[in-house]
Peer 1: 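Below you'll find the structure I mean.
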Amino acid sequence: MNESSLKKKLAKLNLGGLRYFDSIGSTNDEALAWAADGAKDFSLVVADEQTQGRGRLDRRWFTPKGSALAMSLILRPTAPMRPHLSRTVGLAALSLADACLTLGLPPKIKWPNDILLDGKKTAGILVETVWSGEEADSLVIGMGINVGMSAVPPAESLQFPATSLEDMLGKAPKREEVILFVLSSLLRWREQIGTDGFIQVWEEKLAFRGEIVQIHAGGEATVHGLLDGLESDGSLRLRDEHDKSVIVRFGDVSLRPAA
Ligand code: ATP
């Protein structure tokens, strides 16, 4: 992957702008700064390597040269999107899931922000917002995808197992192609972000649906229950042992199958 192969591959997407880096600290940091500096809607930052790739709560996201994909997309919310900004992580998850399906791989979404193949983490999402007073001025959707097998961190450093597209397919797809699949799908889902169908499809793709899971918050095990589905804002709904609904909102939460 290089700047010219990327430009050529993504030409039909009509990106607002494209910034490519051989190496960068974090594509989200670059995109946040660019958004604050007036980047157009649907502008994209791509890097071959991130040296300070971030997950949630400043956890590290491993993005080594040559095999990982790191990109951050800037969206300026349209009026129809505004009431549904909490669904943005779902927008990214559904687009990543579609890209897997296009490659012939059946994905699951580990709520809220990871894509699993064969039960293992293959991609992660980090949504951040540039605020203008009380209003979201722009959204930055960071996506890290393990394309080649050397993008997968060493097993002993992980809390949850990981894999790559190459491990699953026997061959690494071209990273430019993967970006095209994800963003083409995102353009379609963006039009539907306010619909009930959006939540339904998101819900159908949830990992561990109908199974007993454990939610960890701040390192502590909190709720334990059956993974039921999603609320209209994208929050997770569990059923506890008394068959009572428990809603888990976005935040410092990690989901695990119950031991
Ligand atoms: P979990 O998936 O364990 O519930 P999380 O969703 O809270 O954690 P994130 O912030 O989404 O975690 O991702 C960061 C974590 O993902 C890191 O702490 C690390 O364990 C793991 N990780 C980092 N890089 C990769 C990668 N390239 N592929 C898979 N997992 C990774």
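Read the numbers this way: they start at 1 and go in the same order the structure lists the ligands and their atoms. Treat the numbers as computed from the prediction; the structure is a model and nothing was measured.
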Peer 1: Any ion pair linking D233 and R249 (charged N to carboxylate O, less than 4.0 Å)?
Peer 2: yes
Peer 1: Which heavy atom of the protein is the closest neighbour of atom 3 (O) of ligand 1, given with residue, atom name and distance?
Peer 2: R256 NH2, 2.6 Å
Peer 1: Tell me: protein heavy atom nearest atom 31 (C) of ligand 1, and distance?
Peer 2: W61 CZ3, 3.5 Å
Peer 1: Please identify which atoms of ligand 1 are closer than 4.0 Å to at least one heavy atom of N146.
Peer 2: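 Taking each heavy atom of N146 in turn, ligand 1 has 26 (C), 27 (N), 28 (N), 29 (C) under 4.0 Å.
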Peer 1: Is the shortest side-chain N to carboxylate O distance from R56 to D114 below 4.0 Å?
Peer 2: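 Looking at D114 together with R56, the answer is no, because their closest N to O distance does not fall below 4.0 Å.
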Peer 1: Considering only protein heavy atoms, which is closest to atom 29 (C) of ligand 1, and at what distance to one decimal place?
Peer 2: A162 CB, 3.5 Å
Peer 1: Got a salt bridge between E49 and K65, using NZ or NE/NH1/NH2 to carboxylate O under 4.0 Å?
Peer 2: yes
Peer 1: Is any side-chain heavy atom of D240 less than 4.5 Å from a side-chain heavy atom of V223?
Peer 2: no
Peer 1: Looking only at protein heavy atoms, identify the closest one to atom 16 (O) of ligand 1 and say how far it is in Å.
Peer 2: K121 NZ, 2.9 Å
Peer 1: For atom 17 (C) of ligand 1, what's the nearest protein heavy atom and its distance?
Peer 2: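 Atom 17 (C) of ligand 1 sits closest to the protein heavy atom R60 O, 3.4 Å.
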Peer 1: Short list, please: which atoms of ligand 1 are under 4.0 Å from a heavy atom of L158?
Peer 2: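 So the answer, numbered in order with elements, is 19 (C), 20 (O), 21 (C), 22 (N), 30 (N), 31 (C).
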Peer 1: Please tell me whether S26 and Q52 have a donor and an acceptor in their side chains that are separated by less than 3.5 angstrom.
Peer 2: no
Peer 1: Starting from atom 25 (C) of ligand 1, find the nearest protein heavy-atom neighbour and note its residue, name and distance.
Peer 2: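 Answer for atom 25 (C) of ligand 1: P153 CG, 3.4 Å.
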Peer 1: Numbering the atoms of ligand 1 from 1, which are under 4.0 Å from a heavy atom of G55?
Peer 2: 10 (O)
Peer 1: Identify the closest protein heavy atom to atom 5 (P) of ligand 1: which residue and atom is it, and at what distance?
Peer 2: R56 NH2, 3.3 Å
Peer 1: Tell me which pairs pass side-chain hydrogen bond (donor to acceptor under 3.5 Å, both in side chains) where either residue lies in residues 27-47, with sequence neighbours left out.
Peer 2: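 Listed by first then second residue: R19-E30, T27-Q50, T27-S72, N28-S72, N28-E128, D29-R54, D41-R190.
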Peer 1: Which other residues belong to the hydrophobic cluster containing L226, where Ile, Leu, Val, Met, Phe, Trp and Tyr are joined when side-chain heavy atoms lie under 4.5 Å apart, directly or via other members?
Peer 2: I212
Peer 1: For ligand 1, is any non-hydrogen atom under 4.0 Å from A151's backbone (N, CA, C, O), its side chain (CB onward), both, or neither?
Peer 2: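 Near ligand 1, A151 shows its backbone, while the atoms from C-beta on stay back.
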Peer 1: Locate the shortest heavy-atom distance separating L183 from F42; write the atom from each residue and the value.
Peer 2: O-CZ, 4.1 Å
Peer 1: Just heavy atoms, cut-off under 4.0 Å: does N113 contact ligand 1 by side chain, backbone, both, or neither?
Peer 2: side chain
Peer 1: Using a strict cut-off of less than 4.0 Å between a Lys/Arg side-chain nitrogen and an Asp/Glu carboxylate oxygen, indicate whether D137 and R76 qualify as a salt bridge.
Peer 2: yes
Peer 1: Going by heavy atoms, is D114 under 4.0 Å from ligand 1?
Peer 2: yes
Peer 1: Could you say whether the N/O atoms of F62 and ligand 1 ever approach to under 3.5 Å?
Peer 2: yes
Peer 1: Among all protein heavy atoms, pick the one closest to atom 7 (O) of ligand 1 and tell me residue, atom and distance.
Peer 2: R59 NH1, 2.5 Å
Peer 1: Can you sort out which atoms of ligand 1 are near K110, meaning under 4.0 Å from one of its heavy atoms?
Peer 2: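 Taking each heavy atom of K110 in turn, ligand 1 has 1 (P), 2 (O), 4 (O) under 4.0 Å.
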Peer 1: Would you please classify the geometry between the W111 ring and the F250 ring as parallel, tilted or perpendicular, with 30° and 60° separating the classes?
Peer 2: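 The arrangement is parallel - the two ring planes meet at less than 30°.
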